[in-house]
Structure formats: C-alpha cells, structure tokens
Chemist: 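The structure that follows is given in the form of structure tokens.
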Amino acid sequence: MRDITRRTALTMAAGTVTASTVINAATATADAPAPGLPAASGAGPALRTALITRVTPRNNWRVTAVAIRYTHPLQMHGGVIPPSAFQVTADLGRQSAARTVTRAYPNTAARTDDHPKAGRPGRYLIIELDPDDANAQASGTDPLPLHRAYAVRQMADVRTPGGDLVLPAGPLAIRNDDVITPVVDDFTAGSFTDSTGFELAFRLYQPEGFVRRPGAATRYPLVVTLHGGGEVADNNMTQLTANRIAVTFAKPERQRRHPAFVLAPQIPLPRPMDGPDNTDWTDPKVRAALVELIDTFTKQRPVDTHRLYLVGLSSGARGIFNLLPSYPHTFAAALATAGWGDPSTMERITHIPIWADHSIDDPVVPYREGRFGKPGTWTLMKALESAGAQITRGEWANDLPKPEFEARSKALLSRARRAGSHVLFTSYTTGTTPVNPHFAWAQTYENDVVIDWLFDQSR
C-alpha cells in the first residue's frame with residue numbers, strides 16, 4: 001500500500017471519535033423515576049426503560065426484550081412471572097401493533113438470561129419478546145426511530161407464591177428511553193477523509209487489552225470487514241446491524257479466544273458506481289480511501305501487520321477478490337462469501353490463504369456466472385486452481401445445526417491440511433440456505449472452525 005499523504009485525516013484519536021447514537025444502559029443510574037408510573041410495594045417505582053436488541057445471523061437487527069429498572073430489587077421468592085402480566089406495543093411510524101411476550105423475570109442487569117430458569121433478584125425486570133414477530137425489526141434501510149417507540153403496560157398484579165405484592169397492575173404505560181445493542185454498543189464511530197477529500201464512515205472495536213493498556217507492547221490482528229451492497233448508506237450503523245459480519249468478531253467469547261481490532265467501514269451514498277463493475281468496494285474512489293484508511297490505522301494502532309485479515313460478503317467479497325490481486329503481499333488471509341471477480345487476476349493470489357463459500361442456487365450473485373460480466377466463486381476457484389493453487393472443496397446443506405455444520409467444516413479443513421492446501425471452497429446445496437439463497441453467510445461467521453483457521457494465518 002502507498003504511504004499516507006499530508007491530507008489524510010482519521011478521527012480515531014481520543015476525543016475525536018464520534019459518539020454512538022445508541023445510549024448505554026449505564027446512564028440509567030442517574031435518571032429520575034418515570035412520571036405517573038404506579039409504585040409497587042416490593043420493587044418501588046420504575047426509573048428507566050430500555051429496549052434490548054440483537055443482531056441475529058439470519059433475521060438482521062431485532063428488538064428482543066424490554067428492560068425496566070426499579071428502585072429496589074424484585075424479590076419473587078421462587079415465583080414465576082406470567083408473560084400475560086405484560087402487554088408490549090411497538091409504535092413504528094404510523095403503525096402500532098402488539099409484540100408477543102415470551103418470558104418475564106428479574107435480573108441484576110439490563111440483559112437477557114438464556115438459562116431455562118432465568119431470573120435472579122435484581123432491580124431489572126426483563127420482558128423477552130418473540131424475535132420472529134413481524135414488527136420485531138430494528139431497522140429497514142436505516143435504523144428505525146426506536147426511542148420511546150415501545151409502550152409497556154402491566155395487565156395483572158405480580159405476586160410472590162405467598163401472596164405478597166411485588167408489582168401492581170395499572171392503567172398507565174411506560175415507554176422506553178434507551179436502546180441497548182450488546183456488542184454493537186462496544187464499537188466507537190468515526191470517519192476518515194482520504195488524500196482526495198473522499199470520506200468513509202467507520203465503526204471500530206478495540207480489544208480490551210489495548211483499552212486497558214494502550215501503551216503496552218502487545219500487537220493485535222486487524223480484521224477489516226467489507227459489507228454488502230445493501231448496507232451502502234450514510235447511517236454508520238447498518239454495516240454492523242444488517243448482518244453479523246463485524247459483530248461476531250467482537251463478541252466477548254470470540255475476543256477472549258482471538259483478541260483483535262475490528263474495523264468496519266461503510267460506503268456512503270450516493271452509490272459511487274463508475275461503470276458496470278466498478279461497484280461499491282471496487283469503485284476507484286472507495287477503494288483508494290479504504291487502502292489509505294487501513295494504512296493509517298496500522299500506523300496509529302498497535303497492529304500486527306503480518307496478521308491483517310479481509311472478510312466480506314456479496315459485494316464485500318467482490319471487494320476482496322479485487323483488493324487481493326492489487327496488494328498480494330499485504331493481507332494474511334481472507335474469508336469471501338457469495339462474491340465475484342476477474343479470473344485473469346487469480347494467478348497473483350495463489351499463495352494467499354482463502355476460505356470462500358457460496359450457495360449453488362444464489363439468484364443475486366450466481367454461483368458460476370457472477371455479476372456484471374465477472375464470474376462467481378465457482379469460476380474464480382477454477383481459475384485459482386488453473387494458476388497453481390490447490391483447492392479443497394466441500395458441499396453440504398447451509399441449514400445444518402451448528403455442531404454438524406462445524407463438523408463438516410472441520411473435516412474439510414483436515415483434508416486441506418493433509419493435502420497441503422490453503423484455499424478452501426464450501427458450496428451450499430440447492431434449497432438449503434434459509435430466507436434467501438444469497439444469504440450464504442449466516443453460518444460463516446458463527447463457525448468457530450473457520451474463524452480459528454483465519455486467525456491461524458500469518459503473512
């Protein structure tokens with residue numbers, strides 16, 4: 001990559017990162033009680049209400065729970081709160097519709113509890129909602145205006161098994177003030193202006209070790225995530241929430257295993273397209289800015305430059321197959337899902353570890369034909385093979401349970417290692433990719449076998 005010019009700017013330093021629009025639940029401690037909400041003898045008045053949202057592998061960004069904070073802990077003494085005790089209504093735009101309440105329980109923090117017998121005495125009441133509700137979405141093209149969009153009304157008294165009143169029913173409803181999105185809230189927001197004045201917004205996750213000791217000698221891998229065409233926008237959010245491409249690398253269990261910086265840039269509107277295949281990440285303006293951003297970031301943060309990883313889906317995978325041949329000695333490895341590219345450039349990247357995957361029946365980016373006259377993943381893998389790379393191929397259903405999916409991936413990787421192959425290609429059988437055959441990536445970034453393989457690569 002080229003050196004950074006004097007006009008390059010990066011707003012990542014302390015004090016210059018744009019604050020996230022998502023409000024953290026930690027602000028709840030200083031808030032006043034909600035006016036007019038009836039006080040319960042057990043828990044006292046409610047102080048604050050927040051929506052808990054989640055980025056899911058297949059259904060994008062969903063509102064999955066409501067958390068209400070009270071002045072005193074809710075003591076159920078072994079009792080269970082019936083879901084029918086609460087009515088939750090979502091007011092999105094001009095439409096108002098009920099959400100389905102699935103569970104309600106106390107907790108010590110504003111977070112859901114996956115345990116079947118969830119609930120510990122705490123100041124928070126968690127009301128879980130069915131994520132498959134038609135109105136559960138948290139965004140369309142842009143994030144929905146969720147603040148004060150949900151109303152919660154208690155329809156029946158909540159009592160302990162001994163009959164003590166914990167929360168009384170009443171005619172008044174309380175609305176949410178905050179929105180909590182675990183992991184997404186840990187990304188800071190910033191923007192980058194390159195040497196030509198072109199600007200890219202980005203989100204950045206910084207590993208806990210760096211945050212605690214920014215002056216330490218430890219160097220971390222950098223994962224650069226390239227979103228798909230549907231996330232081209234000016235909101236600096238949907239590159240995180242439309243799918244789990246970036247979020248999955250920042251979740252706590254993944255960071256404990258593979259601490260890394262995660263950089264998620266977003267292409268702005270209007271969509272910069274200068275020809276039939278200069279799309280999104282391959283647009284000259286966008287690609288130049290991305291290259292400068294990566295260069296600048298690796299100079300300003302303790303990045304292990306031998307462990308730069310590219311991860312992308314759809315047009316993001318197209319970006320990978322465009323960037324790698326131009327910078328064949330920069331990136332240690334890549335994950336490319338449902339992409340397309342130029343077969344004539346594959347001879348330049350035969351040495352780079354790549355794990356590619358694609359649904360055979362993909363209607364958006366056809367498996368063989370690709371888009372805009374540039375072939376799909378199957379054809380690119382054939383070109384790589386013709387250029388001298390050894391390809392290890394596997395095919396299975398994309399709707400397998402996670403343990404079986406990972407077992408297939410592990411077997412494929414074992415075959416690759418025995419053969420001395422560093423390029424793997426997974427095809428998903430026709431009719432097995434849920435929601436839409438193009439959405440092949442739902443299990444890719446949840447797959448610990450694939451992610452462990454990625455972080456094992458070093459340039």
Chemist: Between Q206 and F187 (side chain of the first, backbone of the second, donor and acceptor by atom type, cut-off under 3.5 Å), is there such a pair?
Modeler: no
Chemist: Would you call R254 and D448 a salt bridge, using N to O less than 4.0 angstrom?
Modeler: yes
Chemist: Can you tell me which residue among D357, N398, T433 is in a side-chain hydrogen bond (donor to acceptor under 3.5 Å, both in side chains) with Y428?
Modeler: D357
Chemist: Does some side-chain heavy atom of I360 sit less than 4.5 Å from a side-chain heavy atom of R368?
Modeler: no
Chemist: Hey, are R111 and Y124 close enough side-chain-wise for a donor-acceptor pair under 3.5 Å?
Modeler: no
Chemist: Once you round to the nearest 0.5 Å, how far does OG1 of T444 lie from CZ of F405?
Modeler: 6.0 Å
Chemist: Just checking, any donor-acceptor pair under 3.5 angstrom between side chains of S195 and E292?
Modeler: yes
Chemist: Would you call the rings of Y367 and W378 parallel, tilted or perpendicular, taking 30° and 60° as the class edges?
Modeler: tilted
Chemist: For the side chain of N176 and the backbone of L146, is there at least one donor-acceptor N/O pair under 3.5 Å apart?
Modeler: yes
Chemist: Do T426 and W355 have a side chain donor and acceptor closer than 3.5 Å?
Modeler: yes
Chemist: So, K410 and E406, do they make that salt bridge, N to O below 4.0 Å?
Modeler: no
Chemist: For a quick test of reading the model, state the closest non-hydrogen atom pair linking W61 to P143 and the distance between them.
Modeler: CZ3-CB, 3.7 Å
Chemist: Is any side-chain heavy atom of Y220 closer than 4.5 Å to one of F210?
Modeler: yes
Chemist: For the pair T305 (side chain) and T298 (backbone), establish whether a donor and an acceptor sit closer than 3.5 Å, ignoring hydrogens and angles.
Modeler: no
Chemist: Should D342 and K374 count as an ion pair when the cut-off is N to O under 4.0 Å?
Modeler: no
Chemist: How about Y309 and F455: are their ring centroids closer than 6.0 Å?
Modeler: yes
Chemist: Does this structure show an ion pair linking R417 with D456, if we count only N-O contacts that are shorter than 4.0 Å?
Modeler: yes
Chemist: Using the six-membered ring wherever Trp is involved, compare the ring planes of Y445 and F249 and label them parallel, tilted or perpendicular (cut-offs 30° and 60°).
Modeler: tilted
Chemist: Name all residues meeting the salt bridge (Lys or Arg N to Asp or Glu O under 4.0 Å) criterion together with E404; count only those two or more places apart in sequence or in a different chain, and write none if there are none.
Modeler: R408
Chemist: Indicate, with yes or no, if the rings of H351 and H329 have centres closer together than 6.0 Å.
Modeler: yes
Chemist: Do R62 and D133 meet the salt-bridge criterion of a basic N to acidic O distance under 4.0 Å?
Modeler: no
Chemist: State whether K402 and E446 are salt-bridged, where the test is any N-O pair (Lys NZ or Arg NE/NH1/NH2 against Asp/Glu carboxylate O) under 4.0 Å.
Modeler: no
Chemist: May I ask you to decide if P268's main-chain N or O and D234's side chain share a donor-acceptor pair within less than 3.5 Å?
Modeler: no
Chemist: Measure up the H438 and W441 rings against each other and bin them: parallel (under 30°), tilted (30 to 60°), perpendicular (over 60°).
Modeler: perpendicular
Chemist: Does a salt bridge link D452 with R257, judged by any charged N lying under 4.0 Å from a carboxylate O?
Modeler: yes
Chemist: Determine whether V450 and L454 make a side-chain contact, defined as any pair of heavy atoms from C-beta on separated by less than 4.5 Å.
Modeler: no
Chemist: So, taking the atom named CG in L308 and the one named CZ in R459, what distance separates them when rounded to the nearest 0.5 Å?
Modeler: 6.5 Å
Chemist: Which residues pass the salt bridge (Lys or Arg N to Asp or Glu O under 4.0 Å) test with D130, not counting sequence neighbours?
Modeler: none
